[in-house]
Amino acid sequence: MAENISKVYEPQNFEKEIYAKWEADNNFHTTADAAGEPYSIVIPPPNVTGQLHMGHALDETLQDILIRYHRMRGFNTLWMPGCDHAGIATQAKVEESLREEGTNRYELGREKFLQRVWQWKEKYGSRIMYQLRTLGASCDWERERFTMDEGCSAAVKKVFITLYNEGLIYRGNRITNWCPNCNTALSDIEVDHVTEQGHLWHIRYKFKDSDDFIEIATTRPETMLGDTGVAVHPDDERYKKFIGRTLILPIVNREIPLFADEYVDKDFGTGAVKVTPAHDPNDFEMGLRHNLPQVKVINNNGTMADGLGKYSKLDRYECRKILVEDLKAAGYLVSTENHEHAVGHCSRCSTTVEPLVSDQWFVKMESLAKPAIDAVKTGRLKFVPERFTKIYINWLENIRDWCISRQLWWGHRIPAWYCDDCGEMTVAENVDECPHCHSKNLRQDEDVLDTWFSSALWPFSTMGYPNETAELKKFYPTSTLVTGYDIIFFWVSRMVMMGLKFQGDVPFKTVFIHGLVRDEFGRKMSKSLGNGIDPVEVIDKYGADSLRFMLVTGNTPGNDLRFSWQRVESARNFANKIWNASRFLLMNLENFDAAFQPADEDLTLADKWIISRLNRTAKLVTENLDKFELGESARLMYEFIWSEFCDWYIEMTKARLYGDDAKSKSTALYVLNYVLEKSLRLLHPFMPFLTEVIRQKLPNVEGSIMLAKWFEGGAIDEVAEGEMNLIVDAVKVIRNLKNEVGVEVRKKSEVILKPANTDAEKVLKSNVNYIIELAAAEPVTFAAEKPQHALAGVIEGVEIFLPLKGLIDMEKEIARLTKELEKLRKGIAMTEGKLNNEKFLAKAPADVVQSEREKLAAAQEKISSVESRIEQLKNL
RNA sequence: GGGAUUAUAGCUCAGAUGGUUAGAGUACUUCGUUGACAUCGAAGGGGUCACAGAUUCGAGUUCUGUUAAUCCCACCA
């Protein structure tokens with residue numbers, strides 16, 4: 001069964017093929033009635049705006065690891081894939097391409113425009129799904145969903161109407177964040193506050209019936225055109241006497257009242273605030289309290305409104321400039337000071353947001369938020385790492401109503417109809433005639449819903465809601481949500497609220513939070529910086545397994561991670577190492593009887609040792625996966641395979657494989673195969689392709705590794721591990737000594753061993769072959785006395801001598817041993833310090849004290865032996 | 001104005017529940033190419049665990065404060 005296997009690992013040769021085979025064999029698909037406890041994950045649906053970036057690759061890799069792990073453990077495992085329509089973002093993309101064609105959405109009209117967006121969706125949606133396949137994601141593709149497909153749209157309508165009927169959704173004329181560039185309202189969390197250097201302008205407002213004036217301070221002078229009052233604090237001694245009088249608004253010459261309101265901070269600015277109810281949220285509230293009119297002076301597109309004379313149609317910032325000049329010229333401007341303040345920007349396009357009054361739809365959040373807070377407090381929902389719990393709760397406790405209407409075309413249209421005849425509004429799924437007056441003159445609301453409204457329903461809309469399906473019954477609540485900390489507010493919290501409201505349970509039991517993928521310099525990857533790296537480019541170069549391994553190692557849950565080509569390369573080298581270790585085994589497998597089973601007594605110390613190490617590793621890997629410490633699990637596998645299996649065990653088997661003892665050879669091959677095959681299974685969630693392609697070549701293997709049973713590990717053989725430690729340490733000391741005197745490690749040299757006790761002697765004598773082979777020690781003899789002209793090394797259990805005649809510089813050797821002695825004495829001083837401390841003896845646990853005593857004894861033994869060695873050399 | 005995270009080897013990072021002389025990868029130095037692998041092997045140098053206190057027999061690990069960096073939240077015009 002000689003296998004032809006290339007000398008180096010070339011993932012390009014097999015990854016695509018293997019994925020196609022998995023898919024063709026239907027390995028990703030499951031049904032609600034399949035056997036096993038349910039384990040389910042819904043994918044955070046990528047936006048159809050473009051292609052996957054490195055952040056997706058991380059998110060998807062983590063999910064795939066959890067999915068593959070649970071599938072192997074025998075769970076009925078479902079990974080639900082899909083895309084998000086990403087309303088505002090996708091619409092912006094399509095509008096951009098229209099602009100390049102010299103047209104726009106208004107020319108096209110709503111219907112034709114939407115056709116264009118659907119074309120875009122088809123193109124990029126399928127591209128994203130292709131990229132996910134390239135990465136190895138084992139999604140249940142038969143269930144692929146889209147937030148605007150029929151089912152999800154039905155869920156959206158049902159939820160909207162239900163919330164409306166319960167009074168939790170309302171329409172209102174409110175002040176909201178408006179993006180003049182995107183031309184739509186935004187929710188509070190779609191506004192980013194950026195600290196900017198601005199000015200505070202002090203302006204005089206004169207009283208109507210006297211020459212007195214009051215000085216106000218503002219950061220936005222252009223809004224004064226819409227002022228309908230000035231407010232001061234009721235207890236402000238400076239202004240008390242003026243309260244109730246009338247002011248003349250400069251430039252505009254409108255009469256406005258001076259009134260008192262608790263909101264005003266006496267210590268800020270001049271203590272007098274101009275009030276513009278139509279363009280400031282606080283002023284809006286004050287306006288309501290004091291019955292002030294709202295005068296809208298800024299249009300939706302950011303220009304000044306009609307009827308403002310020379311200021312009309314000016315851009316809002318241009319107007320500010322001119323107005324300040326005019327105020328100055330007319331003597332109203334008192335002073336201008338620098339002022340740092342936070343300014344809201346559209347999170348999508350960075351345009352400065354304009355607070356505007358308009359008709360919008362809102363969700364009342366308070367009653368929805370309460371159960372979502374309780375779910376975390378009672379432990380029904382857990383965050384990993386835990387610290388995100390606090391952030392989540394804090395946000396929900398201070399939540400405000402959610403503006404869900406967007407003045408866009410791409411999205412779920414709001415199911416509200418207005419009757420042109422009687423003016424009534426009807427919220428329902430389908431309305432043919434007005435239920436109030438039976439008129440047929442109905443217009444559907446022009447607005448669409450915030451993208452996150454449909455995303456909030458994702459865990460149950462994808463499983464068939466509003467129908468009661470077998471999937472919902474089996475897989476809801478889902479097991480784990482894997483996502484970045486950047487969308488806890490946007491998405492996680494809203495899913496929890498909607499899940500609790502409409503399914504009566506949390507949408508997932510655990511939220512596994514990861515960080516952002518940054519570039520090699522720690523900067524955020526972004527289009528504007530042009531520092532983004534396409535995962536597909538990395539996969540083309542190094543393979544999906546290498547990318548996955550790089551993404552999952554070297555970081556801890558919740559923390560950002562840096563992309564590093566060097567680390568991708570090192571992951572690729574690891575893959576190559578496994579590839580070659582397997583190649584080594586396969587090359588030696590000629591004439592191997594696949595049915596061969598060694599008896600326990602045929603196992604050598606090395607065999608028992610590596611099996612024990614495998615068992616220990618499997619246990620740790622499993623434990624860490626269960627704790628979401630995926631990186632630690634991957635690291636453990638790296639260490640086991642490279643440092644123990646390859647560097648030591650494989651080397652130890654070589655003599656047997658090239659030797660004449662057929663049974664010993666078969667046993668070695670059996671153990672090599674056994675350990676490799678188990679290791680591949682443990683590594684499969686991390687490196688699915690490599691582990692599959694190699695395992696397929698091994699004897700006694702049937703079926704895909706992704707359907708193989710997880711290996712949990714068996715008994716640990718402490719005796720074998722202890723004995724092998726002695727051998728390994730001895731080999732290391734010999735190599736070390738050779739290196740120090742410049743003798744080639746592979747050059748055969750005589751070695752003399754002086755065991756410290758009969759146990760050690762027994763172990764060394766029966767396993768001396770390893771020392772001979774791995775340290776090129778020949779001949780190895782045992783002695784009760786120290787030889788004279790020799791290099792010496794001392795480890796616990798044995799003293800080791802290399803009688804390298806002619807190569808040893810006595811002075812140097814004494815110096816080297818003296819240095820070692822110092823090191824040992826330093827260690828002993830510490831241990832003695834502890835043991836001489838009565839409090840330590842009294843308070844430390846018995847086993848700690850005991851182990852300190854043993855340490856001391858062992859160290860003292862080493863010291864005396866090194867000391868006597870030095871004496872001996874001096875006396876030569 | 002609140003809050004979170006981070007600070008460990010030149011670089012990137014690990015170091016539950018406090019307990020050998022603090023680890024890995026990478027980089028660096030020395031040595032090594034005939035059979036798994038130079039995408040490799042052997043050996044080595046390199047750290048006052050940001051700073052200052054506290055708790056403890058014992059602190060990289062717990063607590064308090066300080067400093068620095070990053071991020072989130074926040075309607076003082």
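Chain letters run A, B, ... following the sequence lines, proteins first and then strands; every chain starts at 1.
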Counting heavy atoms not belonging to [X], are there more than 12 under 6.0 Å from its [atom1]?
X: A/Glu796; atom1: CD; result: no
X: A/Lys266; atom1: NZ; result: yes
X: A/Glu10; atom1: CD; result: yes

- request: Say whether, by atom type as modelled, one donor and one acceptor occur between the side chain of A/Lys274 and the main chain of A/Tyr205 under 3.5 angstrom.
  value: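 Answer holds: no.
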Main-chain N/O of A/Gly543 paired to A/Arg548 side chain as donor or acceptor, under 3.5 Å: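 A pair under 3.5 Å: no.
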- request: Hey, which sits more toward the 5' end of RNA chain B by its nearest nucleotide, A/Thr556 or A/Arg746?
  value: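 The residue closer to the strand's 5' end, by nearest nucleotide, is A/Thr556.
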Upstream residue (5' side of RNA chain B) when A/Glu852 and A/Phe268 are each assigned their closest nucleotide: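 Final value for this comparison: A/Glu852.
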- request: Decide yes or no, distance alone: a donor-acceptor N/O pair under 3.5 angstrom between the base of B/rC37 and the side-chain of A/Lys7.
  value: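 A donor-acceptor contact between them is absent.
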Nucleotide [N], atom [atom2] - distance to [atom1] of [X] in whole Å:
X: A/Lys274; N: B/rC76; atom1: NZ; atom2: P; answer: 16 Å
X: A/Glu10; N: B/rU39; atom1: CD; atom2: P; answer: 13 Å
X: A/Asn576; N: B/rG41; atom1: CG; atom2: C1'; answer: 14 Å
X: A/Met286; N: B/rA77; atom1: CE; atom2: P; answer: 12 Å
X: A/Glu832; N: B/rU21; atom1: CD; atom2: P; answer: 13 Å
X: A/Ile513; N: B/rC72; atom1: CD1; atom2: C1'; answer: 13 Å
X: A/Glu838; N: B/rU56; atom1: CD; atom2: C1'; answer: 17 Å
X: A/Glu820; N: B/rU21; atom1: CD; atom2: P; answer: 17 Å

Expressed in whole Å, how much space separates the [atom1] atoms belonging to [N] and [M]?
N: B/rU64; M: B/rU17; atom1: C1'; value: 22 Å
N: B/rG46; M: B/rU5; atom1: C1'; value: 29 Å
N: B/rU12; M: B/rU70; atom1: P; value: 15 Å
N: B/rA9; M: B/rG25; atom1: P; value: 16 Å
N: B/rA22; M: B/rC49; atom1: C1'; value: 8 Å
N: B/rG15; M: B/rU8; atom1: C1'; value: 9 Å
N: B/rU55; M: B/rA69; atom1: P; value: 32 Å
N: B/rC63; M: B/rA27; atom1: C1'; value: 38 Å

query: Where does the angle between the aromatic ring planes of A/Phe584 and A/Tyr658 fall among parallel (under 30°), tilted (30 to 60°) and perpendicular (over 60°)?
result: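 Rings of A/Phe584 and A/Tyr658: perpendicular, over 60°.
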- prompt: When the ring planes of A/Phe259 and A/His290 are compared, do they come out parallel, tilted or perpendicular, using 30° and 60° as the limits?
  reply: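 Ring orientation of A/Phe259 relative to A/His290: tilted.
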Would you list the protein and nucleotides 25-27 of chain B atom pairs, both N or O, that sit under 3.5 Å from each other?
| unit_1 | atom_1 | unit_2 | atom_2 | d |
| --- | --- | --- | --- | --- |
| B/rU26 | O2' | A/Gln566 | OE1 | 3.1 |
| B/rU26 | O2' | A/Gln566 | NE2 | 3.1 |

Whether [X] contacts [N] is assessed here as follows: a side-chain N or O lying under 4.0 Å from the phosphate OP1 or OP2. Is that the case?
X: A/Arg562; N: B/rU12; answer: yes
X: A/Lys654; N: B/rA36; answer: yes
X: A/Tyr658; N: B/rA36; answer: yes

message: Under a 3.5 Å cutoff, is there a donor and acceptor pairing between the side chains of A/Tyr485 and A/Asp560?
response: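 Checked: A/Tyr485/A/Asp560 side chains pair up, N/O donor to acceptor below 3.5 Å.
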Please classify the nucleic acid contact of [X] as base, sugar-phosphate, or nothing, using heavy-atom distances under 4.0 Å.
X: A/Pro845; value: base
X: A/Gly271; value: base
X: A/Ser564; value: nothing
X: A/Ser851; value: nothing
X: A/Phe574; value: nothing
X: A/Lys843; value: base
X: A/Arg825; value: nothing
X: A/Val264; value: base

- prompt: Quick one: stems for RNA chain B, with Watson-Crick or G-U pairs under 3.5 Å, at least three in a row?
  reply: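 Only these stems qualify: B:1-7 with B:67-73, B:10-13 with B:23-26, B:28-32 with B:40-44, B:50-54 with B:62-66.
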- request: Would you please test A/Tyr649 and A/Glu644 for side-chain hydrogen bond (donor to acceptor under 3.5 Å, both in side chains) and show each step?
  value: CA-CA 6 Å; A/Tyr649 184 70; A/Glu644 300 192 289; over 6 Å; no
- prompt: Listed by chain and number, what are the side chain to side chain contact (heavy atoms under 4.5 Å, CB included) partners of A/Lys541, not counting sequence neighbours?
  reply: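 Residues passing side chain to side chain contact (heavy atoms under 4.5 Å, CB included) with A/Lys541: A/Glu537, A/Trp565.
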- prompt: Among pairs that include at least one residue of residues 334-344 of chain A, which meet side chain to side chain donor-acceptor pair (under 3.5 Å), considering only residues two or more places apart or in two chains?
  reply: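 Sorted result for residues 334-344 of chain A: A/His199-A/Asn338, A/His202-A/Glu337.
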Of the options [options], whose atoms approach the side-chain atoms of [X] most closely?
X: A/Asn559; options: B/rA74, B/rG19, B/rU6; value: B/rU6
X: A/Ala844; options: B/rA36, B/rG19, B/rU21; value: B/rG19
X: A/Asn837; options: B/rA36, B/rA77, B/rC57; value: B/rC57

message: For A/Glu744, is there an ion pair with A/Lys738 - N to carboxylate O distance below 4.0 angstrom?
response: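 Judged by the 4.0 Å cut-off on N to carboxylate O distance, A/Lys738 and A/Glu744 do not form a salt bridge.
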task: Kindly confirm or rule out a cation-pi arrangement of A/Arg220 over A/Trp201, judged by NZ or CZ under 6.0 Å from the six-membered ring centre and within 45° of its axis?
output: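 Judged by the rule, A/Arg220 and A/Trp201 form no cation-pi pair.
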- prompt: Which parts of nucleotides 42-49 of chain B does protein reach within less than 4.0 Å, heavy atoms only, written one letter per nucleotide 5' to 3' as B for base, S for sugar-phosphate only and - for none?
  reply: BSS-----
task: Could you pull out all residues at least two apart from A/Tyr392 that satisfy ring pair (Phe, Tyr, Trp, His ring centres under 6.0 Å)?
output: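 Ring pair (Phe, Tyr, Trp, His ring centres under 6.0 Å) check on A/Tyr392 returns A/Phe383.
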message: Give me the atom names and distance for the closest heavy-atom approach of A/Glu520 to A/Ser564.
response: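 So the two residues come closest at OE1-CA, 3.9 Å.
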